[in-house]
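Okay, structure first, notes after.
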Amino acid sequence: MSLQCPMLSSTNYIVWAMRMRAIFNVHGVWEAIDPEVNVDSKKNNIEIALLFEGIPEEQTLLIRNLVTAKEMWDVLKTHHLGVDRIWEARLQTLMGEFENLKMKDQEVIDNFDNKLFEYASRAASLGSVMEETKLVKKFLNGLSECFIHMVASIEHVVDLNIIGYDDVVGRLKAYAERIKVEEIQPEKNQLLLANSDEKAKEKEYRCEHCGCGNSNREDYGRGRGGGRGSGKGRGDGRVQRYKSHVKCYKCNEFGHYISECHTTQSQ
């Protein structure tokens with residue numbers, strides 16, 4: 001069986017080591033890394049060859065003078081993870097940042113989700129695998145205040161020690177989409193209401209006789225009272241109206257003011 005060895009980098013040691021161990025097991029040579037077992041030279045050489053295949057050229061200098069695969073493995077591990085104290089210090093710093101991580105007010109759920117997985121991956125590279133329960137609780141506790149009601153509902157309905165992380169993220173994404181719809185709908189209703197009011201005003205100011213929009217309530221007021229705008233303007237242009245749009249409120253006919261109504265004159 002031919003298996004391609006993963007290439008070691010400065011950031012993927014933990015994952016690289018896991019994959020390399022699987023390849024060693026397939027070839028039946030993993031015991032070369034076990035210090036309690038005496039390994040024959042053939043298995044040792046196979047594992048050395050696999051190690052050289054999985055590391056970049058610049059790192060071959062680290063293990064060039066070593067004889068056993070066990071020695072090479074330990075040197076690579078120390079080089080990428082450091083000594084135990086440094087390793088633990090890095091992990092503690094990372095976990096402190098993880099605990100303080102909070103979702104920003106304008107941040108979307110996908111971005112916050114990606115940040116959590118980034119910290120989980122970095123912790124795994126330092127040898128600490130986060131349990132799914134811990135990710136679930138951190139995700140809910142780190143959300144912004146706009147999701148507080150949904151978080152309280154989830155905590156009340158489901159068991160956080162059982163529910164999957166993807167399930168929780170999916171519920172919150174659905175809730176976020178519903179919030180967007182509810183925020184957009186009032187804006188649409190206000191726009192429809194404004195258009196309706198505008199049409200109502202336009203209809204109110206139209207002439208009842210011909211439907212023309214040149215008339216307004218001032219015309220009707222002059223027709224009712226016969227005071228302002230009986231024909232002599234002030235020069236502002238608004239008093240010049242077509243009498244065909246003016247309705248007399250004495251005889252209910254168009255074309256004249258009440259002061260000009262023939263029924264009034266006849267009396």
Side-chain angles (χ1 to χ4, degrees), residues 1-101 103-104 107-136 138-139 142 164-166 169:
M1 182 180 295
S2 177
L3 297 175
Q4 183 177 2
C5 293
M7 184 58 62
L8 179 62
S9 69
S10 60
T11 59
N12 72 339
Y13 174 79
I14 294 296
V15 176
W16 175 85
M18 294 172 59
R19 296 177 64 183
M20 288 298 294
R21 179 172 180 171
I23 293 176
F24 292 157
N25 285 328
V26 169
H27 290 278
V29 296
W30 171 246
E31 60 266 26
I33 303 299
D34 192 340
E36 298 180 359
V37 178
N38 294 324
V39 182
D40 58 43
S41 59
K42 182 178 179 179
K43 290 184 177 181
N44 184 68
N45 291 335
I46 292 176
E47 194 161 51
I48 290 176
L50 293 173
L51 284 174
F52 276 119
E53 186 178 346
I55 62 176
E57 293 183 1
E58 60 270 16
Q59 295 192 28
T60 58
L61 297 177
L62 295 173
I63 59 176
R64 69 184 187 278
N65 296 325
L66 302 179
V67 178
T68 66
K70 168 62 177 173
E71 292 174 336
M72 295 179 178
W73 185 271
D74 290 342
V75 168
L76 291 172
K77 179 179 179 180
T78 302
H79 176 73
H80 285 274
L81 296 182
V83 295
D84 292 342
R85 291 182 181 179
I86 297 177
W87 187 13
E88 292 178 359
R90 291 176 180 175
L91 182 59
Q92 289 179 0
T93 300
L94 181 67
M95 295 309 298
E97 295 176 357
F98 176 79
E99 294 298 333
N100 294 328
L101 187 63
M103 181 180 180
K104 299 179 181 179
E107 188 176 9
V108 296
I109 291 180
D110 283 335
N111 289 344
F112 186 62
D113 176 32
N114 291 335
K115 288 181 180 179
L116 290 182
F117 263 99
E118 180 181 352
Y119 275 93
S121 298
R122 291 169 61 187
S125 67
L126 294 174
S128 177
V129 179
M130 292 186 185
E131 297 180 354
E132 189 170 18
T133 301
K134 185 172 185 177
L135 285 173
V136 168
K138 177 57 188 176
F139 177 77
Y165 179 80
D166 291 337
V169 174

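When a residue number appears, it is its place in the shown sequence, counting from 1.
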Sorted by chain and residue number, the side chain to side chain contact (heavy atoms under 4.5 Å, CB included) partners of Glu107 (sequence neighbours excluded) come out as Met103, Lys104, Asn111, Phe112, Lys115
Check whether more than 12 heavy atoms from other residues, nucleotides or ligands sit under 6.0 Å from atom CD of Glu71, and answer yes or no.
yes
With the side chain counted from C-beta on, respond yes when Pro6 and Ile23 share a heavy-atom pair under 4.5 Å apart, and no when they do not.
yes
State, yes or no, whether a side-chain contact exists between His79 and Tyr13 at a heavy-atom distance under 4.5 Å.
no
Nearest atoms (heavy-atom pairs only) where Asn44 meets Thr68:
OD1-CA, 3.5 Å
In Å and rounded to the nearest 0.5 Å, what is the CZ to CG distance from Arg122 to Leu91?
10.5 Å
Would one find more than 12 heavy atoms of other residues, nucleotides or ligands at under 6.0 Å from atom CE of Met18?
no
Do you know the tightest heavy-atom contact between Asp166 and Glu132?
N-OE2, 4.4 Å
Rounded distance (nearest 0.5 Å) linking atom CD1 of Ile48 with atom NZ of Lys70:
13.5 Å
With distance as the sole test, does Asp113 use its side chain to make a donor-acceptor pair with the main-chain N or O of Phe139 at under 3.5 Å?
no
Derivation of the side chain to side chain contact (heavy atoms under 4.5 Å, CB included) call for Lys138 and Tyr119
CA-CA 12 Å; Lys138 177 57 188 176; Tyr119 275 93; over 6 Å; no
Contact between Leu94 and Arg90 at the side-chain level, heavy atoms closer than 4.5 Å - yes or no?
no
Counterpart residues, ring pair (Phe, Tyr, Trp, His ring centres under 6.0 Å), relative to Trp73 (two or more places apart):
Trp16, Phe24, Trp30
d(Ser128 OG, Ile14 CD1) to nearest 0.5 Å is 10.0 Å
Return each pair, listed once, that meets side chain to side chain donor-acceptor pair (under 3.5 Å) where at least one residue sits in residues 54-67; pairs must be two or more places apart or across chains.
Gln59-His80
Worked verdict on Glu47 versus Met20 for side chain to side chain contact (heavy atoms under 4.5 Å, CB included)
CA-CA 10 Å; Glu47 194 161 51; Met20 288 298 294; over 6 Å; no
Of the non-hydrogen atoms in Cys5 and Gly54, which two are nearest, and what is the gap between them?
CB-CA, 4.1 Å
Separation between CG of Leu51 and CD1 of Ile46, rounded to the nearest 0.5 Å
12.0 Å
Begin from the C-alpha positions of Ile55 and Leu62 and carry the test side chain to side chain contact (heavy atoms under 4.5 Å, CB included) through to its verdict.
CA-CA 11 Å; Ile55 62 176; Leu62 295 173; over 6 Å; no
I'd like to know whether Phe98 forms a side chain to side chain contact (heavy atoms under 4.5 Å, CB included) with Lys134, so could you lay out the CA-CA distance, the side-chain angles of the two residues, the decisive distance to 0.1 Å, and finally the verdict.
CA-CA 11 Å; Phe98 176 79; Lys134 185 172 185 177; 4.2 Å; yes
Any idea which heavy atoms bring Met95 and Ala123 closest together, and the distance?
SD-CB, 4.4 Å
Between Asn12 (side chain) and Val15 (backbone), is there a donor-acceptor pair under 3.5 Å?
no
